[in-house]
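Counting begins at 1 with the first residue of the sequence. Every number for a ligand or one of its atoms is a count from 1 in the order of the listing. Just so it is clear, the structure is predicted and the values come from calculations on it, not from any experiment.
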Amino acid sequence: MSATTHTQIDRRRLAELLDRERRRFADEHPRSRELYAETSKTLLGGVPMSWMTMWAGGFPLFFEEAKGARVVDVDGRSYVDLCLGDTGAMAGHAPEPTARAVERQIRRGTTVMLPSEDAAWVGRELVRRFGLDAWQFSLTATDANRWVLRMARALTGRPKVLVFNYCYHGTVDESVISLENGVPRPRPGNVGPAVDPTLTTKVVEFNDLDALDQALAPGDVAAVLAEPALTNIGIVLPDPGFHQAMRAITRRTGTLLIIDETHTMSTGPGGYTAAHGLDPDILTVGKSIAGGVPIGAYGMRRELADRILAEDVDLEDVGGVGGTLAGNALSLAAARATLAEVLTDEAYAHMIPLAERFTAGVQEVLDSRRMPWNIVQIGARAEYRFCPLPPRNGGDAAAAHDGELDAYMHVYLMNRGVLITPFHNMALMCPVTTTDDVDRHSAVFADAVDELIDG
Ligand SMILES: Cc1ncc(COP(=O)(O)O)c(C=O)c1O
């Protein structure tokens, strides 16, 4: 379809509809509104964590209960939850086996500074799923990334890291950088950086192998930290052959390759790495693998593990990696139950076809209404973006951001009982998401588009 045949969006109509939807949201959520008025006096920005202000209704929903693929708010309204805690709840909310394991462990001690038997089981399982040999745990994926970047510098004696433009790997200092007209700059909004990230980090566009090659050629980069596909600026898939070429370049230049599977765990039980035969030196993961209990994890090749243990660095105490509650018995009990009984092969065999159905449902609306938008799927996750073709890199994906359209779609969906991730148009399937849930989204999405273009 050529650009000229695309349906145009009337911005005035969009603004009116957004205003109408926000008024409806405020009217229909009096208890959340009341609670927000109260928390605005006591919590920074009125929320326990700043991202919670990003819901498009003007104030966050306060939730009463989240169970499976459903959230019920304090006003008694029920939602199909396709946000799933921005992947933290990819196992579904409060999955039964995880809840049982947590209940049991909380009565047997959680933070003891000693390993439990679950550590042995989870270690074996992560080796089996991802193929990396030696594992350790944190409480967040951010910390897993922070610590392996330190180790990569220690192992290589090189000062820098490389990330891709518009990546997100958590609040990792080195990664809060982006390209501005091709020039690396601290990412706009970078909060009080201790060190200018342009001194620590090289940044190139995803899928740009020439730029990657040039950046790694001087031999001063300890590690490339990469998601297999960008998932935090819409979904940007790798070009065919990108991963093989990146691996070849990193090997040739002696650069370690760290693959961050925190979101791409949606691809399959062993993430994108197992599904596509990637061969990273180090792998990080987090969010979903303990069924909603805080956890992060990193694994590395045996040879690197042996070397880091032999290095003259303090891994055990005050050397800058680790944490008192990291690897605690509660997260490991939850991870064991979640990996053994919830995020199983069978679960993925249910989730991925649902994401295909979701993608087909959205695509049908886009095609039949000639909307200049696209949708991309990766395993159990799909995301639409307001540009005609899937972007090939973070810069193009960022340029397609449309805050007003984003807000309209989010609040329209919320008002009709569907949650997708704020600050994304991401939808994720969990093991108990149903075809009805997916079809509900498709129907509401179609109505949202029709109201926008029928004016
Ligand atoms: C790819 C990726 N890595 C790491 C993180 C950090 O996870 P956490 O916020 O749990 O530390 C995120 C969070 O969105 C992420 O998307």
Quick one: look up the protein heavy atom nearest [atom] and list residue, atom name and how far away it is.
atom                    : result
atom 7 (O) of ligand 1  : Ala141 CB, 3.5 Å
atom 3 (N) of ligand 1  : Asp260 OD2, 2.6 Å
atom 14 (O) of ligand 1 : Lys287 NZ, 2.7 Å
atom 9 (O) of ligand 1  : Thr142 OG1, 3.9 Å

So CD1 of Ile420 and CZ of Phe445: to nearest 0.5 Å the spacing works out to 8.5 Å
With under 30° as parallel and over 60° as perpendicular, where do the rings of Trp373 and Phe386 fit, or are they tilted in between?
perpendicular
In terms of ring plane angle, is the pair Trp147 and Tyr298 parallel, tilted or perpendicular, where the classes change at 30° and 60°?
perpendicular
Going by an N to O cut-off under 4.0 Å, is there a salt bridge joining Glu341 and Arg100?
yes
Test of proximity, Asn232 against ligand 1: N or O pairs below 3.5 Å:
yes
So for ligand 1, is Thr231 a polar contact partner (N or O within less than 3.5 Å, distance only)?
no
Record the part of Thr87 in heavy-atom contact with ligand 1 below 4.0 Å; permitted values are side chain, backbone, both and neither.
neither
With a 4.5 Å limit on heavy-atom distance, are the side chains of Lys287 and Met265 in contact?
no
For His263, the atoms of ligand 1 under 4.0 Å from one of its heavy atoms are 14 (O), 16 (O)
Atoms of ligand 1 under 4.0 Å from any heavy atom of Glu227, numbered from 1 in the order shown, are 1 (C)
Closest heavy-atom pair and its distance - Leu61, Asp73
CD2-OD2, 3.6 Å
Could you walk me through whether Arg107 and Glu103 pass the salt bridge (Lys or Arg N to Asp or Glu O under 4.0 Å) test, one step at a time?
CA-CA 7 Å; Arg107 297 180 188 286; Glu103 266 167 21; over 6 Å; no
